[in-house]
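Comments concern the structure below.
Proteins get letters first, then strands, A, B, ... in listed order; numbering begins at 1 in each.
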Protein chains: 2
Amino acid sequence: MLGALSVEPMSGYAIRQAITETLGHFWSESFGQIYPTLARLEAEGLVRRDAAGQTSGSTFRLTAAGRRRLVHLLREPIPAAPPRNGTLLRLFFGGLLGPKECTEVVHEVRDAARRRLDQLTAIHAEVAAEARDDVGARYRLMTVSSGLHAARASLAWAEETLDALREMDAVDR
Amino acid sequence: MLGALSVEPMSGYAIRQAITETLGHFWSESFGQIYPTLARLEAEGLVRRDAAGQTSGSTFRLTAAGRRRLVHLLREPIPAAPPRNGTLLRLFFGGLLGPKECTEVVHEVRDAARRRLDQLTAIHAEVAAEARDDVGARYRLMTVSSGLHAARASLAWAEETLDALREMDAVDR
DNA sequence: CCGAGCATGTAACACGTTACATGATTGC
DNA sequence: GCAATCATGTAACGTGTTACATGCTCGG
């Protein structure tokens, strides 16, 4: 949230939008998280609320202390969440389902990877164009590239695995 | 947990071990989760507890209903956790840190990817050998392969990104 | 006998989501 | 005027982790 506000001042609602739209590939926050946090950040003096005169809603902007805090937070590692990949868990016990049903599972992975690849390829082109003038865009480009690498890996794995499943199915009968 | 018990009957402690050791690359469970769940599964008649005579601890085994339930659970998709990649988040706002500090961050990603690649390569060889006789091992191999693809992608991205950061650092000065 | 590992369990806590409630604004 | 969207907030709920408490067992 501090990061979002470092780009430009905005409402809590807009922060949520910015996060889902721009960071959606690797981060997420819900309203139930955003508003209480915003209140806390205000109390800590890290953001300031411009209570709008007549229009509804308020605009939050980063204070100097907020910016310092953001930089400080970016310096230290963010603890990784424990791994949880439902697809792999299902596949691990695939012997209980058989090749047919596993094929469906991997099929969905492949399709999702393809969609993601298309999306990210488009975004990559956009951000790459921005990156010529805007230094910040070069860093954003790295995160897009990470998604691209991951999507390509996912796609390659899915295709390899579908081949293996086809072979197992052929031997079965 | 039902999956672990489908391989062979074991204690709650051993379930935890099996999960961290064997599924560690894509799944995790803590004791605080395991024991209450085990009690619930017992109440639902999905597992049976062989209260050992003199030795401490008990052995849990899957009942017929438990096996049916496992197959049923494997059939339906496991909801994906919302994405949270701390490294990418930090890099996205990399402009606030500069190329030097970002290099450290990506460096760690690269090293972690290399270690993982080595680990998984060894495991892959092992499981591939088992897969000749054991059909179940073929499914397990797929999950290892997924990890390999992901690790290679992570490594390739890290190296590409380190190059980009080197260039940005060179231009900076 | 003692330390390491096996084994079970609970309580407190943190985190995050979903759903709900409420109202303003804007474009058609 | 009405629907969609902007906007803020809270309460309930579920989930999962950490830390703690407790005791057994086995090898050296």
- request: Return the 5'-most residue of the pair S28(A), A14(B) with respect to DNA chain C, ranking by each residue's nearest nucleotide.
  value: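 Taking each residue's closest nucleotide, the earlier one in sequence belongs to A14(B).
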message: On DNA chain C, compare the nucleotides closest to S11(B) and P82(B); which residue's is nearer the 5' end?
response: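 By nearest-heavy-atom nucleotide position, the 5'-most residue is S11(B).
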Separation of [X] atom [atom1] from [N] atom [atom2], in whole Å?
{"X": "E21(B)", "N": "dG5(C)", "atom1": "CD", "atom2": "P", "value": "13 Å"}
{"X": "M10(B)", "N": "dT8(C)", "atom1": "CE", "atom2": "P", "value": "12 Å"}
{"X": "F31(A)", "N": "dA21(C)", "atom1": "CZ", "atom2": "C1'", "value": "14 Å"}
{"X": "E29(A)", "N": "dT8(D)", "atom1": "CD", "atom2": "C1'", "value": "17 Å"}
{"X": "R16(B)", "N": "dT18(D)", "atom1": "CZ", "atom2": "P", "value": "8 Å"}
{"X": "I78(A)", "N": "dA14(C)", "atom1": "CD1", "atom2": "C1'", "value": "17 Å"}
{"X": "M1(B)", "N": "dT8(C)", "atom1": "CE", "atom2": "P", "value": "11 Å"}

- prompt: Is the phosphate of dT8(D), meaning OP1 or OP2, less than 4.0 Å from a side-chain N or O of S58(A)?
  reply: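 Yes, within the criterion.
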query: Does R84(A) make a side-chain N or O approach to OP1 or OP2 of dG16(D) shorter than 4.0 Å?
result: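 Yes, because at least one side-chain N or O of R84(A) sits under 4.0 Å from OP1 or OP2 of dG16(D).
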Return all side-chain donor-acceptor pairs below 3.5 angstrom for residues 14-22 of chain B, not counting sequence neighbours, or 'none' if the list is empty.
unit_1, atom_1, unit_2, atom_2, d
R16(B), NH1, E29(B), O, 3.2
T20(B), OG1, R16(B), O, 3.0
T20(B), OG1, Q17(B), O, 3.1
T22(B), OG1, A18(B), O, 3.2

- request: Go through dC6(D), dT17(C), dT8(D) for me and flag the one nearest to the Q17(A) side chain.
  value: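 It is dC6(D).
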field: Minimum-distance nucleotide to Y13(A) side chain [options: dT17(C), dC6(D), dC6(C)]
entry: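 Within the option list, the nearest is dC6(D).
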query: Taking atom CD of E167(B) as the centre, does the number of heavy atoms from other residues, nucleotides or ligands within less than 6.0 Å exceed 12?
result: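 Counting neighbours around CD of E167(B), 12 or fewer heavy atoms of other residues, nucleotides or ligands fall under 6.0 Å, so no.
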- request: Give, ordered by number, those residues of residues 32-45 of chain B having at least one heavy-atom distance below 4.0 Å to an atom of DNA chain D; if nothing qualifies, reply none.
  value: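 The stretch gives G32(B), Q33(B) as the residues lying under 4.0 Å from the strand, ordered by number.
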query: So what does R49(B) touch, heavy atoms closer than 4.0 Å: a base, only the sugar-phosphate, or nothing?
result: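 Result for R49(B) = sugar-phosphate.
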- request: Give S30(B) one of three labels, base, sugar-phosphate or nothing, depending on what nucleic acid heavy atoms sit under 4.0 Å from its own.
  value: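 Result for S30(B) = base.
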field: Which residues share a side chain to side chain donor-acceptor pair (under 3.5 Å) with R115(A), sequence neighbours left out
entry: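 Here no residue qualifies.
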message: Looking at R84(B) and S28(A), would you say the former's side chain and the latter's main chain have a donor-acceptor pair under 3.5 Å?
response: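 Answer holds: yes.
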- prompt: Can any side-chain N or O of T63(B) pair as donor or acceptor with the backbone N or O of L46(B) at less than 3.5 Å?
  reply: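 Yes; at least one donor-acceptor contact below 3.5 Å.
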query: Quick one: do R140(B) and E130(B) make a salt bridge, cutoff under 4.0 Å?
result: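 Judged by the 4.0 Å cut-off on N to carboxylate O distance, R140(B) and E130(B) do form a salt bridge.
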Residues R40(B), E44(B): salt bridge by 4.0 Å N-O rule: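 Salt bridge present between R40(B) and E44(B).
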